[in-house]
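Structure record follows, encoded as structure tokens.
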2 protein chains.
Amino acid sequence: MRLTTKGRYAVTAMLDLAYHSHKKPVTLTDIAARQTISLSYLEQLFARLRRANMVKGIRGPGGGYTLSGLAVDINIADIIAAVDEPIHATKCGGESNCQKNQACLTHDLWMGLSDQIRDYLQGITIAQLLEKHHVQEVAKRQDQEAQRVIEIHRSAELAHNLNDLL
Amino acid sequence: MRLTTKGRYAVTAMLDLAYHSHKKPVTLTDIAARQTISLSYLEQLFARLRRANMVKGIRGPGGGYTLSGLAVDINIADIIAAVDEPIHATKCGGESNCQKNQACLTHDLWMGLSDQIRDYLQGITIAQLLEKHHVQEVAKRQDQEAQRVIEIHRSAELAHNLNDLL
DNA sequence: ACTTAACCCAGCAAAATAGTCAACTATTGT
DNA sequence: ACAATAGTTGACTATTTTGCTGGGTTAAGT
């Protein structure tokens, strides 16, 4: 599992898509504008995402992209895997031409870690991230409202004090 | 947090170092040979690791590198952070010049995820990986032994059958 | 002194990244 | 039917990162 800016772009774009495509398809032009990613680069990424059957492209006016499935079924690891080409993880790679000698020892360790990271990212879905953000937004709004109440209370006190003075 | 081959090399090298430096310092030449990483590239990586105070370099004959601290105190996130230069996570980066408009929304989501990944990797130490591998090795050896027992049993059966036939 | 290593550069080729441009095709509203 | 929209494709380019080579210098053991 590799984590590069390419994967980040893909995840960001998918999040944007999930967030905005509750009804109509979303055009890449919109995503490009919102996320400041070049349109042509997005096209490349979405070509891969489409081939991986994660999004559907709809042509013609009013067209754009939609998620192939539910946001709850789309995890981060799959998005990243879709845009990153599968590189030969290591020198001895799948061929296991580096035998059970010492050279493979720590290399094995890394592979295990890599698997762990993949498993971890596989457990995080688009839906979860949107949910989490939604919760945060609500929390923030509530904080702001609480703050406003405090301010109103304070200004009321202030007015009261002024009344006393005048 | 970025996960590239560079980070993998660094983690692999650190694992090798932790595994072999119970007593004496380990030379980069040894690590290079075991992990098939070029010496000069390792030098670059270890220069950064040293500056990040994760390893100590000892000059002269019998010199090499040792871990600065205990394997239990060294986590994966720190190793990767040490060799990857801190890139401006996004366009609006730390300056937060992209205001509370929609453009930042999904970007925020990614940042949250990125933090999650970092936290996750921060929780995994070199010591844990070595431990885990050790457990696996033992398990594998036990499997092999069990397999041998089965094979012996089978060949005994086979011999028995042959005895019946002859 | 001599060897052994860490340390420190400057540079360089290959690959990956990020983006551009242009031509083409399918779909839809009018 | 026709124009507008928007996906599809491919080739091409600039920049950055990667991984490595090879030249040194400096510190510590023998």
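Excluded from the calculations below are hydrogen atoms, water molecules and symmetry mates; all remaining heavy atoms, backbone and side chain alike, are included.
- Clustering ILVMFWY residues whenever any of their side-chain heavy atoms sit less than 4.5 angstrom apart, transitively, puts A:Phe46 in a cluster other than the one holding A:Ile58.
- Closest approach to the B:Ile37 side chain among D:dC20, D:dG7, D:dT18 is made by D:dC20 (side chain taken as heavy atoms from C-beta onward).
- Of all nucleotides listed (D:dC20, C:dT20, C:dT27), C:dT27 comes nearest to the side chain of A:Pro61.
- In this structure, NZ of B:Lys56 is placed 16 Å from C1' of D:dA28, rounded to the nearest angstrom.
- At a threshold of 4.0 angstrom between heavy atoms, the contacts of B:Leu28 are confined to the sugar-phosphate backbone, with no base atom among them.
- For B:Ser40, counting side-chain heavy atoms from C-beta on, the closest listed nucleotide (C:dC21, D:dT18, D:dT21) is D:dT21.
- Per the geometry, CG belonging to B:Leu39 stands 7 Å off P belonging to C:dA6, to the nearest Å.
- Between B:Lys6 atom NZ and C:dA16 atom C1' there is a gap of 14 Å when expressed in whole angstrom units.
- For the pair B:Arg48 CZ and D:dT17 C1', the interatomic distance rounds to 11 Å; values are reported in whole Å.
- Distance CE/A:Met14 to CG/A:Leu67: 5.5 Å, rounded to 0.5 Å.
- Here the nucleotide nearest the side chain of B:Tyr41, chosen from C:dT28, D:dC20, D:dT8, is D:dC20.
- For A:Arg2, taking side-chain heavy atoms from C-beta onward, the closest of the listed nucleotides D:dT21, D:dT18, C:dA16 is C:dA16.
- Spacing between atom CG of A:Leu45 and atom P of C:dA16 amounts to 16 Å, rounded to whole angstrom units.
- Toward the 5' end of DNA chain C, the nearer of the two residues B:Ala47 and A:Gly7, judged by each one's closest nucleotide, is B:Ala47.
- Here C:dC7 is the nucleotide among C:dC7, D:dG19, C:dA5 with the atom lying nearest to any side-chain atom of B:Arg59.
- At D:dT9, one or more side-chain N or O atoms of A:Arg50 fall inside 4.0 Å of OP1 or OP2 (strictly under the cut-off).
- Residues B:Leu70 and B:Ile79 do not share a hydrophobic cluster, clusters being chains of Ile/Leu/Val/Met/Phe/Trp/Tyr side chains in contact below 4.5 Å.
- Residues B:Leu17 and B:Ile126 have side chains not in contact (no heavy-atom distance under 4.5 Å, counting atoms from C-beta outward).
- Residue side chain A:Gln44 reaches the base of C:dG19 through a donor-acceptor N/O pair under 3.5 Å, judged by distance alone.
- Side-chain heavy atoms closer than 4.5 Å link hydrophobic residues (I, L, V, M, F, W, Y) into clusters, and following such links, possibly through other members, connects A:Leu45 to A:Leu39.
- Relative to the side chain of A:Ser38, the nucleotides C:dT20, C:dT27, C:dT17 differ in distance, and C:dT20 lies closest.
- Of the candidate nucleotides D:dT8, C:dC7, D:dA11, C:dC7 has the atom nearest to the side chain of B:Glu43.
- Among the candidates A:Leu49, A:Val55, A:Val26, the single residue satisfying the side-chain contact (heavy atoms from CB on, under 4.5 Å) test with A:Tyr65 is A:Val55.
- At the heavy-atom level, A:Ile58 lies under 4.0 Å from the strands shown only through sugar-phosphate atoms.
- Distance from the side chain of A:Tyr65 is smallest to D:dT8 among D:dT18, D:dA6, D:dT8.
- Here D:dG7 presents its P atom at 13 Å from CG of A:Leu49, a figure rounded to the nearest Å.
- Look at B:Thr4 and you won't find any side-chain N or O under 4.0 angstrom from OP1 or OP2 of D:dT17.
- The side chain of B:Tyr9 lies closest to D:dG19, out of D:dA28, D:dG19, C:dT20.
- Taking atom NZ of B:Lys24 as the reference point, atom P of D:dG29 lies 15 Å away to the nearest angstrom.
- Whole-Å rounding puts the A:Phe46 CZ to D:dG7 C1' distance at 12 Å.
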